[in-house]
Amino acid sequence: MAELKATHLTAEYRRELLGTDVTHPRMSWRIESDRQGTAQKGYRIQTAGENGNFAEPLWDSGLCESDKNVLVPYDGPPLSSCTRYLYRVKVWDNFGRESEWSEPAWWETAFYDSKEWVAQWITPTSESIDPQAEPAFLLRKPFSLKGAEIVSARIYATAAGVYELYLNGGKVGDDELAPGWTSYRSRQAYQTYDVSAQLQKGDNTIGIMVANGWYKGRLGWENKANHYGDRRAVLVQLHVRYNDGTEEVMGSDPTWKASTGAIRFSEIYDGETYDARLEQNGWSEPGFDDLSWGAVERLELPLTHLVAQENVSTRVTQTLKPLAVIVTPSGDTLLDMGQNMVGRIRFNVSAMEGTVIKLTHAEVLDKEGNFYMGNIRTAKQLVTFIAKGEGTETYAPHFTFQGFRYVKVESYPDQEKGLPPEAFSGEVIHSDMDQTGAFECSDEMVNQLQRNIVWGQRGNFLDVPTDCPQRDERLGWTGDAQVFAGTALFNYNGGPFFTKWLRDLKADQLADGQVPFVVPNIIQGYSSAAWGDAATVIPWAMYTSLADEQILAEQYDSMKRWVDYIRSQGDNEHIWDTGFHFGDWLALDAKEGSYMGATPSHMVTAAYFVLSTRIIRNAAKVLGFEEDAAYYGALAERIAAAYRDEFITPNGRVAARTQTAHVLALVFDLAESKDRARIACDLNEMIVENNYHLTTGFVGTPYLCFALSDNGYHETAVKLLLQKTYPSWLYSVSKGATTIWEHWDGIKPDGSFWSDDMNSFNHYAYGAVGEWMYRKIAGLSPDAEHPGYKKVRIEPDFTGGRLSHARASYESMYGTVEAGWTFQDGEIRIEAVVPANAAASILLRGAHADEVKGSIKDEGILSIRQEAEGVRVETGSGRYVFTYARTDSTYRIYTPDMRLSEVVQWETVKQILDRHAPGFSDHLNHFANLPLEAAANSPMGTAISKEQYEAISRELSQIRE
Ligand code: RAM
């Protein structure tokens with residue numbers, strides 16, 4: 001029996017969406033098929049109530065003749081609040097097959113209307129607990145349930161602060177640091193918990209702990225607290241349904257009681273102090289004596305800005321055991337977790353009552369091998385545990401997280417005799433996104449780099465995309481998020497994560513369109529080029545990778561307001577030469593003592609102005625706003641023309657001789673096409689002169705390798721990737737990095753540090769090279785024309801040399817996509833996997849159509865044609881393998897600099913070229929300054945064969961000698 005199945009159902013990207021206020025949840029499914037070239041011709045969706053009675057569906061889409069299986073909106077009768085809906089799908093394909101119904105999946109709604117909150121925001125009265133007191137507050141409420149059988153129960157909860165919820169002595173759910181961090185002034189998330197199994201007939205007790213968190217705690221390097229309010233509060237609502245059809249609803253109100261307990265202090269940056277002697281045993285259980293507890297009161301906080309949690313939850317996703325216990329030269333005892341991680345340490349201890357155990361967390365050791373806290377600045381990252389002295393006690397902090405690899409342990413019992421590593425574990429905490437990408441190649445250091453990029457993402461995707469997770473900062477820097485988004489969206493499904501964050505961006509955008517430096521915004525700083533452009537770049541990246549058209553629609557107005565703000569600056573609407581900009585932040589060509597690279601800041605403003613305007617044009621096209629598309633399209637080209645007037649010389653050179661200036665001209669398509677080859681050549685020159693080292697900062701680095709690979713210098717890009725000496729990506733790997741550093745020279749070759757004041761060892765920005773590794777080395781790219789990998793581009797480029805294989809896979813909305821290549825014994829093998837209902841355009845670089853072996857006659861192959869660069873194969877879904885001999889034109893041989901004009905007069909060179917490669921020199925007249933290798937590969941020239949290349953090289957070296 002032929003197999004056609006609809007599987008992997010999700011609603012709003014989630015397998016189990018518990019508690020949503022989306023009115024038309026978008027459903028996606030994958031298709032499994034045993035035939036190549038499978039495409040969906042139609043689908044049918046049914047939804048049912050939680051009884052799963054699909055015989056009488058609540059909604060039946062009927063047969064929809066459509067190829068859409070990604071983010072298909074529910075289109076039935078209005079959904080009710082607090083209700084679970086089951087849904088199932090069946091599909092028809094191009095081979096006339098009809099699948100069975102899929103296994104049902106579900107989503108469950110929360111509140112559609114803020115009036116459904118009967119609960120009140122409550123907080124301890126100031127008489128019972130000083131609102132500014134440091135200890136976490138405990139709030140509790142005993143209650144009884146009637147005798148009927150409980151069918152199901154939910155708690156909807158949030159806090160002004162960070163909270164943990166308890167029911168009858170047990171923790172509710174596995175969320176960490178709820179409710180997460182949103183732009184609390186406009187939007188605050190609440191969580192939904194299924195507590196059906198935790199409730200009992202008769203007496204029950206609900207308890208909630210709340211600490212300062214992002215809401216009230218200190219945030220930012222200016223040591224300010226109370227960014228959103230100066231009182232913590234909680235909001236809790238319980239719904240219980242019985243088998244007699246009745247329902248009970250109970251909410252937080254002034255009948256609750258409050259106290260404090262063991263958590264004496266807890267702050268995001270500074271850690272937690274826990275005095276186990278002050279635990280209030282049984283505080284969240286019935287029967288606890290709360291006579292001494294204080295009163296609570298209602299706090300007038302809004303309900304209207306509450307939203308059902310949009311992002312995936314923050315959770316412990318992995319537990320690491322210490323790699324080693326070390327004693328430093330200065331005598332400290334440290335745990336080495338073997339990985340710069342973000343989260344917390346959990347430990348067991350059996351100690352005398354009152355023993356004070358301290359854990360201080362740091363990222364690196366200094367040159368001498370001593371514990372180093374300098375770069376953590378004023379963040380304390382200190383966890384203090386005071387034992388109650390009763391048997392083995394287990395503890396992990398609740399309302400804080402640390403960025404660290406090394407933990408200094410003080411006063412653990414008998415630690416001078418050796419610390420027991422088995423007593424400690426590192427709990428890795430971040431937004432629990434689905435891991436989607438994998439990249440791997442033949443160079444182990446590059447693979448470590450990939451791991452470092454992924455760890456950088458894990459450490460800094462804790463509900464908000466932060467610049468760093470350790471020092472007194474940890475903020476949602478828009479520039480960092482913007483440059484890294486493309487890579488992030490390969491490694492993990494960032495749909496829910498970025499949807500939430502972009503809504504915060506929009507909420508914190510000023511009325512005149514200005515975008516804050518950080519989102520959620522807690523500092524006073526707005527509208528730097530390349531930072532504010534997060535407003536356009538990230539929605540577009542999501543659309544490209546996930547086919548999320550709705551995010552474009554939602555953010556469209558925000559995108560336009562950003563560009564319209566830029567236009568209104570200064571007196572020329574096409575030139576942005578006013579205001580403060582971070583420029584090519586932290587580039588190595590910066591002046592002594594400056595963080596801003598040498599690339600003129602107005603080149604950066606112009607480049608991003610063009611990019612953002614073009615993105616709006618593209619988004620307008622997708623959304624069907626034809627007039628806008630034409631308008632912003634024309635505007636973008638006028639801005640590009642203004643850029644050229646300012647920054648491209650009459651001879652077609654970029655006016656600033658920095659790598660980043662050249663990168664922007666190429667990648668942002670600012671220069672005229674006639675000038676591209678020369679600009680690319682100049683860029684390559686600069687890199688060659690710098691002995692294959694980069695000098696780029698936050699703006700240039702993400703695009704540097706793209707600029708080279710896409711303009712004939714892929715080999716140089718690969719050399720940069722594989723460069724091990726400072727400055728380079730692998731330099732940090734050679735120094736033992738397990739995450740990406742903020743500075744190329746965070747640790748200098750002599751082991752000293754760049755500086756204390758801004759030196760994070762877990763900063764993902766330079767990890768943005770990951771996108772190029774996926775797209776260019778492995779050759780796996782989404783295509784905005786067919787978003788969400790509906791049609792994937794598989795174009796591996798193995799011509800950079802030095803690698804013998806590379807592969808990448810990605811769990812797209814359609815299913816698994818893979819691209820890979822192996823080079824062995826003169827043969828190239830290209831592998832591609834394309835999910836059902838998707839297609840691929842595969843480039844077999846350097847191949848000749850009649851020589852390709854393998855899947856060439858497969859059922860899923862749609863067309864094969866010879867192109868200049870190789871053979872282009874269009875396929876439907878399926879797994880394909882192609883092999884072919886590595887031919888002359890696939891060679892890109894690297895030889896040390898052999899500048900033609902240095903060797904000998906151009907006329908002589910020309911004669912040699914004409915002799916060995918007729919016609920070649922025609923393209924090269926004004927490239928007399930090029931290394932031969934670059935000339936041979938320049939897009940103006942035709943790649944010459946290996947034999948021609950060698951013959952020319954031979955003759956040139958003879959003349960030189
Ligand atoms: C620092 C960090 C951050 C960057 C800003 C401009 O705070 O390096 O990553 O975006 O500066």
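Position 1 is the first residue of the sequence; numbering continues from there. Ligands are counted one by one from 1 in listed order, and the atoms in each one are counted from 1 as well.
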Can you check side-chain hydrogen bond (donor to acceptor under 3.5 Å, both in side chains) on Gln470 and Ser760, steps first, answer last? CA-CA 8 Å; Gln470 73 297 79; Ser760 155; 3.1 Å; yes
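- Residue Lys224 qualifies as open at atom NZ: its count of foreign heavy atoms under 6.0 Å is 12 or below.
- In this structure, Glu176 does not pair ionically with Arg315, as no charged nitrogen and carboxylate oxygen lie closer than 4.0 Å.
- Both the sub-6.0 Å distance and the 45° axial angle are satisfied by Arg474 relative to the ring of Phe401.
- A search for salt bridge (charged side-chain N to carboxylate O under 4.0 Å, His left out) contacts involving Lys776 returns Asp710, not counting sequence neighbours.
- Contact shell of ligand 1 (protein heavy atoms, cutoff 4.0 Å): Asp467, Arg471, Glu473, Trp477, Asp480, Trp531, Phe582, Trp585, Phe698, Glu742, Met758, His763.
- Partner Arg218 forms a side-chain hydrogen bond (donor to acceptor under 3.5 Å, both in side chains) with one of Asn226, Thr378, Asp472 and no other, that one being Thr378.
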